[in-house]
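Written below as structure tokens is the structure these notes are about.
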Number of protein chains: 2
Amino acid sequence: MADTASTRDRLLDAFEQVLIAHGSRAATLDAVAAAAGVSKGGLLYHFKNKAALEAGQHARLRALGEADIAAMRAAPEGAAEYYLAESVSSGGALDRALIASARLAEDAGEQDTVLDDLRAAWYDVLLAELGDPALAHVIQLIGDGMYYNAVAGSRDEGALEHAREILSRLRG
Amino acid sequence: MADTASTRDRLLDAFEQVLIAHGSRAATLDAVAAAAGVSKGGLLYHFKNKAALEAGQHARLRALGEADIAAMRAAPEGAAEYYLAESVSSGGALDRALIASARLAEDAGEQDTVLDDLRAAWYDVLLAELGDPALAHVIQLIGDGMYYNAVAGSRDEGALEHAREILSRLRG
DNA sequence: GTCTATATTCTGATAGAC
DNA sequence: GTCTATCAGAATATAGAC
């Protein structure tokens, strides 16, 4: 029901899109309102100031991230496989929210802990499955690396296959 | 000779520092000039506009990066060890330049290729030493992951030790 | 080379009409 | 709920004094 998305949700979508495509400097109230097809006044009805818009973005990431962690715990292929596969940016809602919040986090001095919290939760699940702190840590770093490359827009073909191959060597 | 650094260099130092500490949104001409201890007019004598200041930052990274690639080729401990050790943010000149340029790159749509160029060069050196595309690729992803955490401002204790341990398992 | 003063445009935010 | 009009302050940049 993309057509029936609330204006509030469309504003958050637009904020994400501008953050991802053009960075935080470009994500002004004017630009976000225009991308969402509303006026600046319309935006400010839903989010009383820019801090509220940023908080809305972080809250969206938190909800998506917590759902993902539950899915990772339940993944039949195992948490490590699941984690690596999802770290390849697929343009999904979680990817987009992660990139957008990461860009905001660079400007604001540690105002929202969602990124740190999610990272810690993913690590816990990896460690519970693998039972090896060094391996769990390195799997997370590989995921971060794939995520970094996706954000930078670099084509990084074969990353997932290569990561899977190395993972199997380490487990075998 | 930090005391005898030229005003131009002090301005680039200040730009880096503000970018790293507070992000690109905070790195205004006023803030950079103040951090360097000069007036805005003084800054604009050395860099005629903001784009020139950003170009100066990217040029500084390119010079440091090319020197690093030469050092990596010559490293007695091997390129992979050298690469992982330097990927841990140590506050060195290269680290700082890398983080600063990465923050600028998010705002500007691929105007300077220095980050992509350096990444490709590092991969070439890793592959030449390791002779294994999957392993070279994964080592670079681990470095990217450590670098991503530095850009994001997270602390990530034990990353280097864990990466070294996994590397030795893979080589052994 | 560096500063002050100023012009211009952008940004966040408010008030009130519809 | 959404829009337009408007404002204060910030940001980039220029001109010219020293």
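Below, chains carry the letters A, B, ... as their sequence lines are ordered, and counting in each starts from 1. The structure presented is a predicted model; accordingly, all values stated were derived computationally and were not measured.
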Nearest 0.5 Å, please: how far is OH in Tyr123(A) from CG in Leu130(A)?
9.5 Å

Can you tell me the distance, in whole Å, between the [atom1] atom of [X] and the [atom2] atom of [N]?
{"X": "Leu53(B)", "N": "dA11(D)", "atom1": "CG", "atom2": "C1'", "answer": "14 Å"}
{"X": "Phe15(A)", "N": "dG12(C)", "atom1": "CZ", "atom2": "C1'", "answer": "13 Å"}
{"X": "Leu29(A)", "N": "dG12(C)", "atom1": "CG", "atom2": "P", "answer": "4 Å"}

Just to confirm, is there a sub-4.0 Å distance from OP1 or OP2 of dA10(D) to any side-chain nitrogen or oxygen of Thr28(B)?
no

Gly143(A) versus Tyr83(A), closest heavy-atom pair with distance
CA-CE2, 4.0 Å

Check: Leu19(A) main-chain N/O paired with Arg103(A) side-chain donor or acceptor under 3.5 Å:
yes

Check this for me, if you would: do Glu66(B) and Arg60(B) make a salt bridge, where the nitrogen-to-carboxylate-oxygen distance has to be below 4.0 angstrom?
no

Does Arg171(B) pair with Glu129(B) as a salt bridge, N-O distance under 4.0 Å?
yes

I want to check something: taking the side chain as every heavy atom from C-beta on, are Ile99(B) and Glu106(A) in contact at a cut-off of under 4.5 Å?
no

May I ask you to list the residues of residues 30-50 of chain A, by number, that have any heavy atom positioned under 4.0 Å from an atom of DNA chain D?
Val38(A), Ser39(A), Gly41(A), Gly42(A), Tyr45(A), His46(A)

